[in-house]
Amino acid sequence: DVKVTQSSRYLVKRTGEKVFLECVQDMDHENMFWYRQDPGLGLRLIYFSYDVKMKEKGDIPEGYSVSREKKERFSLILESASTNQTSMYLCASSLLRTSGSPPQYFGPGTRLLVL
Amino acid sequence: AQTVTQSQPEMSVQEAETVTLSCTYDTSESNYYLFWYKQPPSRQMILVIRQEAYKQQNATENRFSVNFQKAAKSFSLKISDSQLGDTAMYFCAFIFAFGNEKLTFGTGTRLTIIP
């Protein structure tokens with residue numbers, strides 16, 4: 001079974017703090033993704049990566065950065081957390097598409113509260 | 001850019017009944033994939049079913065089936081003989097057949113199965 005794990009289920013941070021969210025997958029997937037999930041807005045893509053040290057902006061990258069130093073690990077960084085970044089953050093991974101569209105496998109999510 | 005619309009924020013149905021969740025999308029492309037993902041309460045998101053746009057036959061996975069109407073850009077999910085374990089958020093998602101790996105999600109439908 002594919003396993004995608006996220007470092008924390010719940011996190012409380014103060015405005016202005018630097019926040020790291022970690023994601024690890026154990027299936028040698030090339031692609032990794034960070035989404036945020038908000039009620040009424042569904043999932044919105046923040047960043048994705050298709051290889052080590054490669055990254056692409058998603059729909060809402062402002063206020064976020066990412067790091068992928070190893071294939072299995074993809075980190076989301078909030079340089080200076082703000083209250084409007086309070087949300088559920090979901091990590092996902094998938095194989096690189098050669099044909100078809102492989103499914104994305106999701107982590108359990110990190111619920112971040114910024115005070 | 002493609003959009004995915006789920007017009008039913010919440011639905012509820014009695015156990016053992018059949019329920020249909022609706023999804024419409026907008027794209028000018030002809031080759032793409034559509035998905036339904038399920039997110040149970042406090043559990044990880046999983047893929048329920050997938051449809052290739054070039055296939056006329058509707059996808060089926062046990063009690064889950066889709067009604068794919070390409071001309072109408074409609075992709076509904078039918079759950080037959082609903083079970084308590086079907087209680088979840090359901091997200092419709094779209095991806096182009098070629099190009100980047102970016103999934104576009106709808107806003108979700110919260111489905112409650114009533115015992």
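Protein chains get the first letters and strands the later ones, always in sequence-line order, with residue 1 at the start of each. This is a predicted model, so every value here is computed, not measured.
No more than 12 heavy atoms of other residues, nucleotides or ligands lie within 6.0 Å of CD in Gln56(B), so this atom counts as exposed by the packing criterion. Heavy atoms from other residues, nucleotides or ligands lying under 6.0 Å from NZ of Lys78(B) number 12 at most. Shown here is Arg43(B), whose CZ atom has no more than 12 heavy atoms of other residues, nucleotides or ligands within 6.0 Å. Within a 6.0 Å sphere centred on CZ of Arg111(A), other residues, nucleotides and ligands contribute 12 heavy atoms or fewer. Crowding of Asn84(A) atom CG: a count of heavy atoms from other residues, nucleotides or ligands under 6.0 Å exceeding 12.
Two residues are said to be in side-chain contact when any heavy atoms from C-beta on lie closer than 4.5 Å; Leu43(A) and Phe91(B) meet this criterion. Side-chain contact between Lys102(B) and Asp59(A): present, with at least one pair of heavy atoms (C-beta onward) separated by less than 4.5 Å. At a threshold of 4.5 Å between non-hydrogen side-chain atoms, the residues Gln104(A) and Leu47(B) do not count as touching.
In this structure, Thr107(B) OG1 and Asp38(A) CG are separated by 12.0 Å, a value rounded to the nearest 0.5 Å.
In the hydrophobic clustering of ILVMFWY residues, with side-chain heavy atoms under 4.5 Å counting as a link, Tyr105(A) and Tyr89(A) come out apart.
Residue Leu41(A) touches chain B through its backbone alone, counting heavy-atom pairs closer than 4.5 Å. Contact of Tyr35(A) with chain B is made through the side chain alone, with heavy-atom distances under 4.5 Å. Interface remark: Gln39(B) contributes side-chain atoms only to the contact with chain A (heavy atom separation under 4.5 Å). For chain A, the nearby part of Tyr37(B) is the side chain; its heavy atoms alone come within less than 4.5 Å. Residue contact with chain B, scored on non-hydrogen atoms closer than 4.5 Å, involves the side chain of Arg9(A) exclusively.
A disulfide (SG to SG under 2.5 Å) check over residues 17-53 of chain A, counting only residues at least two apart or in different chains, returns the pairs Cys23(A)-Cys91(A).
Of all heavy-atom pairs spanning Leu95(A) and Glu101(B), the tightest one is O-OE1, 4.5 Å.
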